[in-house]
Amino acid sequence: MGRRESPTASQFIDAFSQTVEVVAAENRAISEEIIEQMLPVCYQLRDESLLSLRKTSTLALGINCLSVIAGTVIGTWIAIPPTQERQEISSIEPILIGASIGELIGLVLALLIIWTRGGHERSV
């Protein structure tokens, strides 16, 4: 009677390693194809996100600067009222207080803008 030969361990390992190599090559090809298709989309999303962040930060910085200027002007107006005959500063404290209050208000407004606009960007 003919006896069927069973594969040896080395034959089994060779066949298994060839299968693994084929699967790995197919996975590499699929991964490269996915990367080729997704990379332009990722770059476009990144560019749009950076542009949006730049606009938001510019707006926040502008509001902060305007509020500091407004606080300084108000502090100066308090230190030297327009009705005062001689234009001399008796104390610099109102100017500093006005600039500080303007900075705090500007900081709060800037953070509020960044937070609200950033929330809309993340939801998209």
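Residue numbers start at 1 and run along the sequence shown.
- Residues A60 and A110 come closest through the heavy atom pair O-CB, 3.6 Å.
- Put simply, CD1 on I35 and SG on C42 are 10.0 Å apart, with the number rounded to the nearest 0.5 Å.
- The side chain to side chain contact (heavy atoms under 4.5 Å, CB included) test applied to I30 returns I34, not counting sequence neighbours.
- Residues meeting the side-chain hydrogen bond (donor to acceptor under 3.5 Å, both in side chains) test with E26, sequence neighbours left out: none.
- L111 CG: more than 12 foreign heavy atoms inside a 6.0 Å radius.
- Separation of atoms CG (L45) and CE (M38) is listed at 8.0 Å; rounding is to 0.5 Å.
- Under the side chain to side chain contact (heavy atoms under 4.5 Å, CB included) criterion, L109 pairs with I63, I105, not counting sequence neighbours.
- Atom CG of N64 is separated from atom CD1 of I69 by 10.0 Å, given to the nearest 0.5 angstrom.
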Using distance only, find each side-chain donor-acceptor pair of residues 71-79 under 3.5 Å and give its atom names and separation, not counting sequence neighbours.
{"residue": "T72", "atom": "OG1", "partner": "V68", "partner atom": "O", "Å": "2.8"}
{"residue": "T76", "atom": "OG1", "partner": "T72", "partner atom": "O", "Å": "2.8"}

Run L53 and R117 through side-chain contact (heavy atoms from CB on, under 4.5 Å) and show every step you take.
CA-CA 9 Å; L53 288 173; R117 292 188 103 192; over 6 Å; no

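- Scanning both residues, G102 and S67, for their nearest heavy atoms gives O-OG, 2.9 Å.
- Scored by the side chain to side chain contact (heavy atoms under 4.5 Å, CB included) test, Y43 finds L39, R46 as partners (sequence neighbours excluded).
- In this structure, the separation between SG on C65 and CD on E103 is 8.5 Å, given to the nearest 0.5 Å.
- Residues satisfying the side chain to side chain contact (heavy atoms under 4.5 Å, CB included) test with L112, not counting sequence neighbours, are W115, T116.
- Summarising the geometry, atom OG belonging to S52 is positioned 12.5 Å from atom CG belonging to D47; distances are rounded to the nearest 0.5 Å.
- Atom CG of L61 sits about 12.5 Å away from atom OG1 of T56, to the nearest 0.5 Å.
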